[in-house]
Amino acid sequence: MKVIYEHKPAMTFIGFSTSIRPEEGYQKCPEFWDREYARKYARLWQTMKPETPVEAAILENGVGLFAICDEKAGVFEYWIAGLYRGGAVPEGLKLYTFPESDWAVFSARGPLPRSLQELNTQVWQEWYPGEGQKYRANGSAMLEVYSPGDMQSPDYECGIWVPICRPGGQNEHEAAETVSTMTVTGIL
């Protein structure tokens, strides 16, 4: 597993979400994608002609190129999202902003959802307990990044971005809290 550390400006996303219990994430996240694809994307991708404000926002903002996993008490809010380019936010969509931050950027290659799920497991069971302990989370969310293309191809690329704070401020109590949160939410 390769990690690259990058600094990124604040980023605002537009999308829609559902609440998922952590222990059901590897099942319910793909189900959410399948359900929403049938509802919002299937006809749109065939015609590329939006018929509703939501469809227009999906096309204009690339909704579906990102997913956000935002930890909440006992669940995580799972978003299908795109980078917000401004304009109206139609009913049924909402905004989420990540602050300016350093990020740990991980990538994977292979068919979805397996490649992303395997990467997620590696990030939280290999990187985080080792090198990741040098950093503090910057917020309660992380980002899944998808490239255009055949999501079932062995060459398909996707990634996970984790907002972090550079080393230096986290004490043992803060590290224990982070591990506890990850354990409670099912990431570890």
Side-chain angles (χ1 to χ4, degrees), residues 6-106 112-113 116-117 119-120 123-124 136-149 151 157-165 178 181-182 184-187:
E6 297 180 1
H7 186 82
K8 297 186 181 298
M11 296 181 285
T12 299
F13 293 85
I14 185 170
F16 45 92
S17 67
T18 189
S19 294
I20 297 176
R21 292 193 330 242
E23 64 275 10
E24 297 179 326
Y26 283 180
Q27 173 191 348
K28 297 292 184 179
C29 291
E31 288 175 2
F32 182 58
W33 279 96
D34 290 345
R35 183 175 63 248
E36 295 306 314
Y37 178 83
R39 286 183 186 166
K40 294 180 172 81
Y41 293 90
R43 188 208 55 78
L44 182 58
W45 290 152
Q46 290 174 0
T47 66
M48 297 306 281
K49 294 179 181 171
E51 295 179 356
T52 68
V54 169
E55 288 180 348
I58 286 171
L59 283 180
E60 291 167 9
N61 297 286
V63 174
L65 292 176
F66 298 90
I68 301 167
C69 301
D70 186 15
E71 295 178 34
K72 305 287 183 189
V75 298
F76 64 94
E77 195 73 12
Y78 187 74
W79 292 61
I80 296 174
L83 198 54
Y84 180 58
R85 293 185 172 91
V89 178
E91 186 175 334
L93 298 178
K94 53 191 176 177
L95 300 177
Y96 187 97
T97 300
F98 284 95
E100 178 178 354
S101 185
D102 291 320
W103 292 76
V105 177
F106 306 88
L112 289 181
L116 188 73
Q117 291 175 350
L119 178 62
N120 186 65
V123 166
W124 300 112
R136 283 185 303 127
N138 188 3
S140 62
M142 66 176 212
L143 200 56
E144 296 173 358
V145 182
Y146 302 96
S147 62
M151 294 180 171
E157 293 183 20
C158 60
I160 292 176
W161 297 0
V162 180
I164 57 171
C165 295
T178 303
T181 299
M182 298 271 183
V184 167
T185 60
I187 292 174

- Query: Can you check whether Leu65 reaches Leu83 side chain to side chain, under 4.5 Å on heavy atoms?
  - Reply: no
- Where do Leu112 and Cys158 come nearest, in terms of heavy atoms and distance? CD2-SG, 3.9 Å
- What residue among Tyr96, Tyr84, Phe66 forms ring pair (Phe, Tyr, Trp, His ring centres under 6.0 Å) with Phe13? Phe66
- Message: Please determine whether the number of non-hydrogen atoms from other residues, nucleotides or ligands lying under 6.0 Å from atom CD of Glu6 exceeds 12.
- Response: yes
- Can you find a heavy atom in the side chain of Glu144 that is under 4.5 Å from one in the side chain of Cys29? no
- Item | Closest approach of Cys165 to Ala137 (non-hydrogen atoms, all atoms of both residues) | SG-O, 4.1 Å
- Query: Where do Trp79 and Lys94 come nearest, in terms of heavy atoms and distance?
  - Reply: CH2-CG, 3.2 Å
- Item | Side chain proximity check, Asn120 to Ile160, heavy atoms < 4.5 angstrom | yes
- Message: Using side-chain heavy atoms (C-beta onward) and a distance below 4.5 Å, is Met151 in contact with Trp33?
- Response: no
- Considering only heavy atoms from C-beta outward, does the side chain of Ile14 approach that of Leu95 to under 4.5 Å? yes
- Pairwise distance CG(Leu59) to NZ(Lys49) - rounded to 0.5 angstrom: 12.0 Å
- Message: Taking the side chain as everything from C-beta on, heavy atoms only, tell me whether Trp103 gets closer than 4.5 Å to Phe98.
- Response: yes
- Specify the closest pair of heavy atoms between Asp102 and His7, including all atoms of both residues, with the distance to one decimal. OD1-ND1, 2.8 Å
- Is the Tyr41 ring parallel, tilted or perpendicular to the Tyr37 ring (thresholds 30°, 60°)? parallel
- What is the minimum heavy-atom distance between Ala56 and Pro50, and which atoms define it? N-CB, 3.4 Å
- Query: Distance from Met142 atom CE to Asp70 atom CG, nearest 0.5 Å?
  - Reply: 11.0 Å
- Under a 4.5 Å cut-off applied to non-hydrogen side-chain atoms, are Tyr78 and Ser17 in contact? no
- Item | Lys40 NZ to Leu93 CG distance, which is reported to the nearest 0.5 Å | 7.5 Å
- Message: Could you check whether any side-chain heavy atom of Arg43 comes within less than 4.5 Å of a side-chain heavy atom of Glu55, counting everything from C-beta outward?
- Response: yes
- Pro90 and Pro53: which non-hydrogen atoms are nearest, and at how many Å? CG-O, 3.4 Å
- Separation between CG (Asn138) and CZ (Arg136), nearest 0.5 Å, reads 8.0 Å
- From Ser101 atom OG to Met11 atom CE, the distance as rounded to the nearest 0.5 Å: 8.0 Å
